[in-house]
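A note on names: the letters A, B, ... follow the listed sequences, proteins ahead of strands, and every chain is numbered from 1.
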Amino acid sequence: MISHQKLKISFYQQPTFEIAKNLLGKFLIHRSCGIKNIGKIVETEVYYGLDDLASHASRGKTKRTKIMFGPPSRAYIYLVYGIYHCFNIVTEKTNFPAAILIRALEPISPTIANYSENIHKIDSKPASGPGKLCNYLKINKSLNGVSLLGNVLYIEDRGVEILENNIVATKRIGINYAKHCINYNWRFYIKNNNFVSKI
DNA sequence: CAAGAGATCATCT
DNA sequence: GATGATCTCTTGA
């Protein structure tokens with residue numbers, strides 16, 4: 001039996017960019033209605049500090065972004081474009097706003113196969129994209145603020161190690177409003193992985 | 001294959 | 001009142 005180690009608080013206390021890279025190859029799990037929904041993380045994106053114009057937190061602490069200013073290891077989940085949810089992991093110590101957006105999963109759960117509720121047919125990449133993976137894992141705003149140290153929503157290390165030279169760093173997706181911050185290479189994904197959202 | 005439009009609503013001005 | 005940390009479908013070359 002391969003060891004399945006739930007990530008502890010010490011993992012989330014690392015520097016944000018270390019976490020973003022170390023999350024690659026880990027397994028995101030959501031227990032819902034007695035079903036374990038699982039996917040392997042293959043793509044992440046960092047939103048870091050008040051000066052990051054792409055980050056919701058760049059406009060300061062608000063009702064929505066206060067979770068980003070809180071302690072690490074909690075979920076930050078919000079609705080984009082009125083339709084899709086995005087799942088983030090809050091990092092850095094209290095009062096420093098930072099989060100890591102999970103952008104794509106390699107599907108694992110045999111129970112839900114590759115059926116996409118979006119398009120009502122078999123999708124070979126049902127969790128490739130931040131909105132799609134929330135549908136895949138049944139994640140919605142009711143989980144906003146939940147601790148990832150609990151038993152509902154958490155991350156496991158299953159012994160998969162992604163080496164530094166197998167990680168690609170590129171510009172973030174969908175943030176054309178962010179002026180000079182567009183150019184930051186704060187998106188990370190596993191090289192040659194078929195389930196990354198965009199190349 | 002690339003580009004564009006539309007869906008749809010919580011959040012912030 | 002405007003705007004997205006998106007996705008799918010349609011159009012046209």
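One can place NE2 of A:H85 at 11 Å from P of B:dT11, the figure rounded to the nearest angstrom.
Within 4.0 Å (heavy atoms only), A:R103 reaches sugar-phosphate atoms of the nucleic acid but no base atom. Contacts of A:L101 with the nucleic acid, taken as non-hydrogen atoms under 4.0 Å apart, include base atoms.
Aromatic ring orientation, A:Y184 versus A:H180: perpendicular (interplanar angle above 60°, classes split at 30° and 60°). By the 30° and 60° cut-offs, the orientation of the rings of A:F96 relative to A:Y48 is tilted.
Nearer to the 5' terminus of DNA chain B, by closest-nucleotide assignment, is the contact made by A:V80 (compared with the other of A:T62 and A:V80).
Donor-acceptor pairing under 3.5 Å, judged by distance alone, is absent between the side chain of A:Y78 and the base of B:dA10.
The side chain of A:L79 approaches B:dA10 more closely than any other nucleotide in the set B:dA10, B:dT13, C:dC7. Closest to the A:Y84 side chain, of the nucleotides C:dC7, C:dA5, B:dC12, is C:dC7. For A:K132, the side-chain atoms get nearest to C:dC7 when compared with the rest of B:dC12, B:dA7, C:dC7. The listed nucleotides are B:dT8, B:dT13, C:dA5; the one nearest the side chain of A:I83 is B:dT8.
Ionic pairing of A:E45 and A:R103 is present here: one or more N-O contacts between side-chain nitrogen and carboxylate oxygen are shorter than 4.0 angstrom.
The same atom, P, is picked in C:dT3 and in B:dA5; the two are 16 Å apart, to the nearest Å.
A ring-centre distance under 6.0 Å is not found for A:Y47 and A:W186.
As the counterpart of B:dA3, C:dT10 is assigned, both hydrogen-bonding distances of the Watson-Crick or G-U wobble pattern falling under 3.5 Å.
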